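Reviewing the structure listed below.
Computed from heavy atoms alone, side chains included, the values below leave out hydrogens, waters and symmetry copies. These numbers were taken from a predicted model, which means no experiment stands behind them.
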Amino acid sequence: MSTAILTGPPAPGSSLDADLRSLGFDVRIATGAEETGTVLASVPADERVALVDPRFVGHVHALRLALTDPRFPAAATTGALSAQSEARPALARALTAVTAVTVPAGSAEADADAGDLTGSLADALDADGVAVHRPRLGTLVATVPADAEARHEARAAVAAVDEEAVRLRSAVKAQDGFFTTFCISPYSRYIARWCARRGLTPNQVTTASLLTALIAAGCAATGERGGYVAAGILLLVSFVLDCTDGQIARYSLQYSTLGAWLDATFDRAKEYAFYAGLALGAARNGDDVWALALGAMVLMTCRHVVDFAFYEATYDAAASKSPSAALSGRLDSVGWTVWARRIIILPIGERWAMIAVLTAFTSPRIVFWALIAGGAFAACYTAAGRVLRSVTRKAKRTDRAAQALADLADSGPLARIAGRIFGGLGLGRLPGFVLALIATGVLLAAVLGRPFGDVQTVVAAALYVMFAGAAVHRPLKGALDWLVPPLFRAAEYTTVLVLAARSDSAHALPAAFGLVAAVAYHHYDTVYRIRGGTGAPPTWLVRVTGGHEGRTLLVVALAALLADRGDDFTLALTALAVAVALVVLVESIRFWVSSGAPAVHDEGETA
């Protein structure tokens with residue numbers, strides 16, 4: 001149980017003690033700053049502790065936001081401060097320093113200064129290097145009135161605000177897609193409240209969303225019209241649950257590391273499993289759409305890598321505002337343009353709605369062509385805008401951004417060796433994204449232009465390794481170096497797709513689908529580790545899985561060696577898919593359920 005320390009006796013008629021207990025705190029009362037330090041020292045070091053001014057007046061949800069959010073080591077609002085175990089030493093130091101200059105208890109100066117204790121401690125924590133989160137309260141009230149009249153006014157302000165309505169509004173993300181905002185959230189927030197009041201956790205709802213989507217995929221795999229209709233309906237139900245789990249977390253602040261990981265990974269698992277279900281259903285009717293299913297997955301994953309890489313390259317970069325960003329800001333003032341731009345990038349809500357409706361009323365082939373066409377347009381729109389922003393502003397990339405891009409590149413041992421050999425030559429003087437573009441162009445030109453299993457394709461793959469290694473030899477700090485990871489993803493995934501499609505084996509494409517899904521999971525896992533501040537997966541994992549260049553060279557070499565034995569090529573792809581999936585899943589699960597995993601909370605994909 002967490003402990004809340006009132007820094008003095010509560011005011012007459014105050015419900016503060018009961019409010020804190022309703023939030024799960026064991027409440028202790030001190031008589032001043034000095035005794036507060038004594039009580040603080042008696043609380044076990046691994047527990048969260050809250051310091052609350054006894055004169056605090058405000059909404060319970062304001063206290064909930066400041067004192068119970070597990071994502072932040074320290075948080076504060078007017079009259080209240082919380083610290084998790086990692087911030088406890090800094091809090092103890094701050095309290096000692098504040099106590100040393102506190103005037104004697106009971107004096108007029110002490111009474112006048114008492115309301116500043118939690119604020120002074122929050123400022124001291126910031127100065128000590130502990131970032132203190134200060135939640136936005138909006139219309140919620142959190143104040144420390146100085147006298148009886150101010151207390152009366154504060155209580156009236158509390159009564160004037162519907163706290164439950166605020167909680168319901170705040171349960172919905174501030175920025176979301178058109179379909180989610182207007183077609184899902186107006187009622188899913190009430191489902192979230194119903195679930196929260198009955199003790200259902202976000203993780204349970206996340207799991208229910210996954211199971212619903214898997215059942216939908218199974219219905220699609222029947223190949224019957226009734227199955228397709230059921231699949232479309234269940235996919236929409238799954239999406240409602242997918243929105244609900246995050247709304248439960250925001251409504252009751254039930255954030256968790258495991259929940260963040262489940263929510264981030266299950267979205268991709270649900271969507272790609274549904275792709276597989278559609279492909280199986282089409283096959284039952286004699287229509288082979290595995291190439292389209294894999295193409296849709298490749299396109300969607302590459303789009304996400306563009307988002308991730310651009311974000312990591314720019315979020316802490318010092319730069320002047322670009323003309324394109326200024327134009328975007330002006331467009332934001334015109335309401336309808338905001339929604340139009342959110343729709344055309346085909347976010348998850350619009351995408352799933354389109355998939356559900358087309359599945360119910362058309363065929364899998366039409367579903368995939370619509371996905372590919374819409375996704376390609378959205379990819380061109382977002383990528384063009386980000387390239388324009390990158391080249392029209394002067395940005396100084398940080399070492400952290402360069403390291404994040406290098407980690408996203410997923411370069412293995414062969415690239416590192418090639419970088420040491422060729423990076424110091426003339427190649428090393430070219431920008432990283434140019435070398436990555438050359439590497440991708442050489443490889444895909446050979447894969448697309450040469451017969452299946454041609455030896456020259458292996459030579460092109462070797463050149464890909466050489467240029468890819470040179471691309472990451474120097475820090476990726478160029479204006480367009482954030483394109484390096486997406487180019488590598490496009491090269492690897494497309495190579496697997498094209499080679500499987502050209503194989504004589506009828507089952508090569510499903511095997512390739514599994515391989516790309518396993519590798520894509522590894523890349524998504526890398527993203528969320530970086531966002532959590534723990535860096536990339538361990539070096540041994542990248543070495544064992546070969547890096548993007550090692551896997552690409554291996555697949556091309558297998559195609560050349562097994563060109564006349566299509567079934568053996570399929571078996572090789574299947575074995576590689578199983579091996580990669582086992583290694584990355586075991587390591588990922590081990591990491592995300594460990595105590596050292598970060599509390600990453602994805603607010604939803606941007607594309």
Side-chain angles (χ1 to χ4, degrees), residues 1-7 20 23-28 30 33 36-53 62-99 117-136 202-203 249-250 252-264 315-316 398 400 403-404 528-538 590-603:
M1 176 180 288
S2 302
T3 299
I5 304 172
L6 295 180
T7 58
L20 291 170
L23 297 177
F25 285 98
D26 176 28
V27 180
R28 304 185 189 182
T36 297
T38 302
V39 177
L40 176 64
S42 68
V43 178
D46 60 344
E47 286 188 9
R48 172 193 290 271
V49 68
L51 303 183
V52 183
D53 192 291
L63 288 173
R64 181 182 287 108
L65 291 171
L67 304 183
T68 67
D69 196 326
R71 297 173 295 174
F72 310 102
T77 190
T78 304
L81 167 71
S82 69
Q84 297 202 69
S85 58
E86 58 265 38
R88 288 279 303 276
L91 177 60
R93 291 193 298 270
L95 188 57
T96 299
V98 170
T99 303
L117 178 59
T118 56
S120 298
L121 292 174
D123 293 339
L125 288 176
D126 277 326
D128 199 16
V130 177
V132 179
H133 172 66
R134 291 173 172 83
R136 296 180 179 178
N203 291 355
R250 286 183 287 272
S252 55
L253 299 188
Q254 296 185 63
Y255 297 109
S256 69
T257 298
L258 179 61
W261 174 66
L262 292 177
D263 187 54
Y315 95 101
D316 63 349
T398 64
R400 181 214 171 275
Q403 184 59 53
Y528 287 102
R529 292 191 193 219
I530 294 173
R531 286 191 173 183
T534 60
R590 181 209 64 78
F591 172 77
W592 287 103
V593 301
S594 69
S595 59
V600 180
H601 298 281
D602 184 29
E603 282 298 307

Testing the basics here: between N203 and G259, what is the closest heavy-atom pair and its distance to 0.1 Å? OD1-CA, 2.9 Å
Full working for side-chain contact (heavy atoms from CB on, under 4.5 Å) between L117 and S120: CA-CA 5 Å; L117 178 59; S120 298; 5.5 Å; no
CG/L81 to CZ/R134 distance, rounded to the nearest 0.5 angstrom? 9.0 Å
To the nearest 0.5 Å, atom OG1 of T3 lies from atom CG of L20 at 11.0 Å
Does D69 reach the main-chain N or O of R71 with its side chain, forming a donor-acceptor pair under 3.5 Å? yes
Identify the two heavy atoms, one from L95 and one from G37, that lie closest to each other, and give their separation to 0.1 Å. CD2-CA, 3.3 Å
Between CZ on residue R28 and CG on residue L6, distance to nearest 0.5 Å: 12.0 Å
Closest non-hydrogen atom pair, A30 against T36: CB-OG1, 3.5 Å
To the nearest 0.5 angstrom, please state how far the CZ atom of R250 sits from the CG atom of L65. 12.5 Å
As an exercise, state the distance from OH of Y255 to CZ of F72, rounded to the nearest 0.5 Å. 7.5 Å
Any side-chain hydrogen bond (donor to acceptor under 3.5 Å, both in side chains) pairs touching residues 78-88, not counting sequence neighbours? R48-S82
Tell me, please, which residues at least two apart from R590 pass salt bridge (charged side-chain N to carboxylate O under 4.0 Å, His left out). E587
Which heavy-atom pair separates A66 from A75 by the least distance, and what is that distance? O-CB, 3.2 Å
Please report the shortest heavy-atom distance between T68 and F25, naming the atom on each side. CG2-CE1, 3.8 Å
Residues L23, L63; criterion side-chain contact (heavy atoms from CB on, under 4.5 Å); working and verdict: CA-CA 8 Å; L23 297 177; L63 288 173; 3.8 Å; yes
Which pair of heavy atoms, one from V130 and one from A74, lies closest together, and at what distance? CG1-CB, 4.0 Å
Distance col, row I5:CD1 vs T118:OG1, nearest 0.5 angstrom, shows 13.0 Å
